[in-house]
Amino acid sequence: MRHELEPGIGWLMLAASDAIDNFLESETNSAIEGLNKRLDSIEALVRASAPPRYEILSLSEILIDAIRITGAAQERVVVDLVTDKNDNITTDANLFRLALSNAIRNAVDAVLDVPTDNSQVYVSADVTPSTFWVKVSNQFVGSEFSLDEVSGTGVTAKIGHQGQGFGIMRIVATRLGYDLLMQAEAGLAVFTLRGQRRIG
């Protein structure tokens, strides 16, 4: 699908940039970027629907990889990881990265609206002998999110701008048997993903 549509989107962007003054700040550019994001979401949903391919991976390494693929500026994301112990988990690398990169991307988008230049996204993770957890926290404009309870233990969805990609995260969590939680109050949003370190 991307192979078929991406060249057309590229030609549309090129033609529009020639025809429209201040193209980068135009609504046309915003619409094209939105089209690209929808294509990303469709592609991600297809990947998320595939059967899991489990392997043993370092939690810290896969988390750093998820941050990298978001394209977020290095100074925008503060990482707190315990690296002096075995943090291996059994998971599907692609699905796990997909969930985490969506959470981090949402957080980065949110802090861009916060009226301070040094707003950052905080990412932390750790393991116990049997479980793991990952938290992504960020400031956002406003005092709270509207939260919508959905089916599944520990799975909560939020509505609004920051909810982009949450459906994908929910699918991944369900497929991998993880708990997914989003809490937001007093201008602080916290996304948490928890699961068993080993399958079976």
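We're numbering straight along the sequence, starting at 1.
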Can you tell me which residue pairs pass the salt bridge (charged side-chain N to carboxylate O under 4.0 Å, His left out) test with a partner in residues 121-132, sequence neighbours excluded?
Lys85-Asp126
Scan for salt bridge (charged side-chain N to carboxylate O under 4.0 Å, His left out) pairs involving residues 14-25, sequence neighbours excluded, and state none if there are none.
none
Joint cluster assignment, Ile199 & Phe96, ILVMFWY side-chain distance < 4.5 Å:
yes
For residues 54-63, which residue pairs qualify under side-chain hydrogen bond (donor to acceptor under 3.5 Å, both in side chains), counting only residues two or more places apart or in two chains?
Ser58-Ser60, Ser58-Asp87, Ser60-Asp87
Nearest heavy-atom neighbours spanning Pro129 and Arg198
O-NH1, 3.4 Å
Rounded to the nearest 0.5 Å, how far does OG1 of Thr91 lie from CD1 of Ile56?
11.5 Å
State, to 0.1 Å, how close Ala99 and Val172 come at their nearest heavy-atom pair, and which atoms those are.
CB-CG1, 3.8 Å
Looking at residues at least two apart in the chain, or sitting in another chain, which of them share a side-chain hydrogen bond (donor to acceptor under 3.5 Å, both in side chains) with Thr128?
Thr131
Hits for side-chain contact (heavy atoms from CB on, under 4.5 Å) against Val78, two or more places apart or cross-chain, chain-then-number order -> Gln120, Tyr122
For Ser101, which residues count as a side-chain hydrogen bond (donor to acceptor under 3.5 Å, both in side chains) partner, sequence neighbours excluded?
none
Which atom names give the shortest non-hydrogen contact between Ala72 and Val77, and what distance separates them?
CB-CG2, 3.9 Å
Rounding to 0.5 Å, atoms OG1 (Thr28) and CG (Asn22) come to a distance of 12.0 Å
Please list, chain by chain and in numerical order, all residues satisfying side-chain contact (heavy atoms from CB on, under 4.5 Å) with Ser17, sequence neighbours excluded.
Leu14, Phe23
Write down the atom of Val136, the atom of Ala103, and the distance for their closest heavy-atom approach.
CG1-O, 4.2 Å
Can you tell me how far OH of Tyr178 sits from CG of Leu95, rounded to the nearest 0.5 angstrom?
9.0 Å
Measure the CZ-CG distance between Arg194 and Asp179 for me, rounded to the nearest 0.5 Å.
8.5 Å
Val79-Ile104 co-clustered via ILVMFWY side chain contacts under 4.5 Å
yes
Looking only at non-hydrogen atoms, find the nearest pair between Met182 and Ala189 and report the distance.
SD-CB, 4.3 Å
For Val190, side-chain contact (heavy atoms from CB on, under 4.5 Å) partners two or more places apart
Lys135, Ser137, Leu188, Thr192
Quick one: do Val121 and Val123 satisfy side-chain contact (heavy atoms from CB on, under 4.5 Å)? Show the steps, please.
CA-CA 7 Å; Val121 172; Val123 181; 4.1 Å; yes
Under 4.5 Å between side-chain heavy atoms, counting indirect links through other Ile/Leu/Val/Met/Phe/Trp/Tyr residues: same cluster for Trp133 and Leu176 or not?
no
Under the side-chain contact (heavy atoms from CB on, under 4.5 Å) rule, what do Asn106 and Met169 come out as? Steps first, then yes or no, please.
CA-CA 11 Å; Asn106 282 346; Met169 290 183 269; 3.6 Å; yes
In one Ile/Leu/Val/Met/Phe/Trp/Tyr side-chain cluster, 4.5 Å: Phe140, Leu112
no
For Ala125, all residues meeting side-chain contact (heavy atoms from CB on, under 4.5 Å), sequence neighbours excluded
Leu59, Leu63, Leu81, Val134
Residues that Arg68 engages under salt bridge (charged side-chain N to carboxylate O under 4.0 Å, His left out), provided they are two or more places apart
Asp65
Taking every heavy atom of Pro52 against every heavy atom of Arg175, the minimum-distance pair comes out as CG-CG, 3.6 Å
Taking only residues two or more places apart in sequence, or in another chain, which ones meet Arg197 in a salt bridge (charged side-chain N to carboxylate O under 4.0 Å, His left out)?
none
Apply side-chain contact (heavy atoms from CB on, under 4.5 Å) to the pair Arg97 and Asn94, showing each step before the final yes or no.
CA-CA 5 Å; Arg97 274 193 294 262; Asn94 290 329; 3.1 Å; yes
